[in-house]
2 protein chains.
Amino acid sequence: MWKKLKRPSIRDVAREAGVSISTVSSVVNKTKFVKEDRQKRVLKAVKKLNYKPNIIARGLRTRSTRTVGVIVPDIAQPFFSQVIRGMEEVARKRRYTLILSCTFYDVAEEERQMNVLVDQFIDGLLFFCGYDNYSHIKKIYNQNIPVVVIDREVSDPKIPSVLIDNTGAMEQAVDYLCSYGHREIGYVTFTFENQATVRNRYAGYCSGLKKNNIPHNPDIAIIDDAIRLNELRGTYNIIKELHEKRKMPTAFTAIADASAIGLIKALKEAGYRVPQDVSVVGFNNEIVCEFSDPPLTTVKQPKKLMGAAAMNLLLDIVEGKKVKNKNIVLPTNIIERGSVAAPPKNTKQLSQRGFGNEF
Amino acid sequence: MWKKLKRPSIRDVAREAGVSISTVSSVVNKTKFVKEDRQKRVLKAVKKLNYKPNIIARGLRTRSTRTVGVIVPDIAQPFFSQVIRGMEEVARKRRYTLILSCTFYDVAEEERQMNVLVDQFIDGLLFFCGYDNYSHIKKIYNQNIPVVVIDREVSDPKIPSVLIDNTGAMEQAVDYLCSYGHREIGYVTFTFENQATVRNRYAGYCSGLKKNNIPHNPDIAIIDDAIRLNELRGTYNIIKELHEKRKMPTAFTAIADASAIGLIKALKEAGYRVPQDVSVVGFNNEIVCEFSDPPLTTVKQPKKLMGAAAMNLLLDIVEGKKVKNKNIVLPTNIIERGSVAAPPKNTKQLSQRGFGNEF
DNA sequence: GATAAATAGGAAATCGTTTCGCTATAAATA
DNA sequence: TATTTATAGCGAAACGATTTCCTATTTATC
């Protein structure tokens, strides 16, 4: 074991300054009036000994650790890490410390980690749920530990949350394509239907069509489970089918940037040009958008802001401030890059393009 | 303020079980022999009251918090977040908790955060330095706080570290290109010369050429400062110049995947095909490699392993275990995707390709 | 059966704070 | 001058564990 250095305690400072412990405490925490000369003596002693309060001892007494926990499925996913960056910045500014733990989409682990953090006497908890399962969150909420849920619609509005309007955002994407004159718009998603995010984006796609008086054609919605495994076969096959049936839409929206890029790949290999023949809009504005060919036009979620807002909300609750709105919905916007153009004049010509020998 | 629930203390357990506090402690921590019947009584009381030791109080007494700090320039960068994921997994397995803070490449902030963490009584510290500046690390090392430096060669071998052999890795990349028959190999980097990583990779490029008896031609090393800002003008201009001078090499290695992808973009717009005309090798194996067109062949750093190794090393030191090697160097390897092929037969033809009107 | 050795369990000190309540002094009032 | 009020500062009690001694009991030895 390592030997730890003994640091000066409040007792040492009191002795050095020739005052009582409680006086030192009052000075350090500015919690009581102390006459100027004694105050100066204390401060001088603090500086001389380089005294810093032992926050463990303080935590024991005050039951506050100025620490917040963050539970997240996987820190390595860009979306999460970018949101967390926003949290970290606010926490630092407000002099809180951030404890991180990952659950890898394991609900049991979520609950276990939650308890570990509670045992650490965190002042509050920021929760990215892997799934739409909030029983453990309710549990912690009922334990009177401040908690904020991120990026998930939790049914109970009493539980504070920060998210985007997924339905509206996808509607926005459809609107955007319509503004270019598109009337045949496909959708690529994955079947993860027990997740509200997935359901809502699809709902946004549908309501976007409706709003623009476009009949909904389920044939051009690509359901690609495999996309998370980087196996694009599903998308390829559906693109092929659409092509053969001469039913290729002039544009697609996608539930995520990765799906969109997979789609572009499939389209390109099938001989379509993006965006001249087919336009594509992604979702999330991840870094890959800039590196994609063509660069991907996408719906941006304000990730950093999301983290910052969540942290501010949480700390406001922790510190007992009045919060007017504990269910924050953040705005999204379209980031225009190079994957959207007006639909081709002659769409018949489009359908005549031949598939390569990839299939 | 939130009212906190009062949790049962060791005193409550002792009362419930009808034994002394010290007996409860002995049972809970298995630190002393206690007769079976009393042990059972204690355990029963623990279960009945759902007692969990207050780790703050324990920390105050034992001066150990089972907490490690991680200081990193920016959690949102994929490299860092993937390494951290490895750390987190090990920490969780070994029942430690992870405190995170970001410095955004600010040396003063590095030192400030370091002190904040020390004040938190972390048991150890994992440090990603933004720059080659180790004075504060030496300071903390001398305070007898276990510390491990990641991804940086710190001059003093007494300070534990985990990294890859950057020179060797880049040599590997050059070797790989040579094995395809390339003899004209360019390099793209940025001028960040006060960072050993950058210097060493360039050194690896040079020694790789030497090893393969290729004379070093400084004209085909692209120095592109702007790449971090996603401004590819530098690369474009140099590609243009190489093209006009008919000096385009048949292959490039790059200091990072982003640089490589920027390069590919410039090459494509200039009318070169990748990999048929020019091959490109990246560095890091980031997610973008898979989405790039063509998918990027690259040098892989074992990021997760790196984090895991660093955390294990740190915790071994914290726990006073004997460590045979406190300066760990991890292996790299080439991930083959689609951006490398044999050089074209007739390189003259290559130089005749015309630039588009991008320039 | 008397003494020595071994052992189980408990009392109390300690870790470093915060905070309640009390005392002694100074100021204000009668 | 005597009495009340205000105030600055201090002592001591928490907070909830761990750990060092010490005592009382049991077991072993002669």
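This is a predicted model, so every value here is computed, not measured. So you know, we letter chains A, B, ... as the sequences are listed, proteins then strands, and number each from 1.
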Nearest-Å distance for atom pair CD1/P, residues B/I56 and D/dT18: 13 Å
Nearest-angstrom distance from the residue atom CD1 of A/I10 to C1' of C/dT14: 16 Å
Separation of D/dA17 P from B/L49 CG (nearest whole Å): 12 Å
Whether A/F79 and A/F128 hold their rings parallel, tilted or perpendicular, with breakpoints at 30° and 60°: perpendicular
Residue pairs involving residues 67-78 of chain A (criterion salt bridge (charged side-chain N to carboxylate O under 4.0 Å, His left out); sequence neighbours excluded): A/D74-B/R85
Rounded to 10 degrees, the angle between the two terminal axes of the helix from C/dG1-D/dC30 to C/dA30-D/dT1, each from five pairs: 50°
Pairs flagged by side chain to side chain donor-acceptor pair (under 3.5 Å) wherever residues 302-311 of chain B is involved - sequence neighbours left out: none
Plane angle bin for B/Y105 and B/F80 - parallel if under 30°, tilted between 30 and 60°, otherwise perpendicular: tilted
Sugar-phosphate, base or nothing in reach of B/I21, heavy atoms under 4.0 Å: base
Between D/dA17 (P) and B/N29 (CG): distance, integer Å: 10 Å
side-chain hydrogen bond (donor to acceptor under 3.5 Å, both in side chains) involving B/Y51 - partner list, sequence neighbours excluded: none
Listed partners of B/A308 passing side-chain contact (heavy atoms from CB on, under 4.5 Å), at least two apart: B/V90
B/N133 versus B/R152, side-chain donor and acceptor atoms under 3.5 Å: no
Any B/S25 side-chain N or O less than 4.0 Å from OP1/OP2 of D/dT18: yes
Qualifying salt bridge (charged side-chain N to carboxylate O under 4.0 Å, His left out) pairs with a residue from residues 96-109 of chain A, counting only residues at least two apart or across chains: A/E109-A/R112, A/E109-B/R92
Touch class at under 4.0 angstrom, heavy-atom based, for A/I55 against every strand present: nothing
Partners passing side-chain hydrogen bond (donor to acceptor under 3.5 Å, both in side chains) against B/S20 (at least two apart in sequence or in another chain): B/S22, B/T23
Under 3.5 Å, which N/O atoms of the protein pair with N/O atoms of nucleotides 20-28 of chain C?
{"from": "C/dG21", "atom 1": "O6", "to": "A/K32", "atom 2": "NZ", "distance (Å)": "3.3"}

Residue list, salt bridge (charged side-chain N to carboxylate O under 4.0 Å, His left out) with B/K48, at least two apart or on another chain: B/E16
Gap between atoms NZ and P, on A/K52 and C/dT17 respectively (whole Å): 13 Å
Side chain to side chain donor-acceptor pair (under 3.5 Å) pairs, two or more places apart, involving residues 33-42 of chain B: none
Any residue of residues 37-45 of chain B with a heavy atom less than 4.0 Å from an atom of DNA chain C: B/R38
Presence of salt bridge, B/R7 and A/D119, under 4.0 angstrom: yes
Sugar-phosphate, base or nothing in reach of A/S9, heavy atoms under 4.0 Å: sugar-phosphate
side-chain hydrogen bond (donor to acceptor under 3.5 Å, both in side chains) between B/Y96 and B/E88, intermediate numbers included: CA-CA 9 Å; B/Y96 280 75; B/E88 198 276 343; over 6 Å; no
Nucleotide N/O to protein N/O under 3.5 Å, stretch nucleotides 13-15 of chain D:
{"from": "D/dA14", "atom 1": "N3", "to": "A/R61", "atom 2": "NH1", "distance (Å)": "3.3"}

Ion pair B/D316/B/R94, N-O distance below 4.0 Å: yes
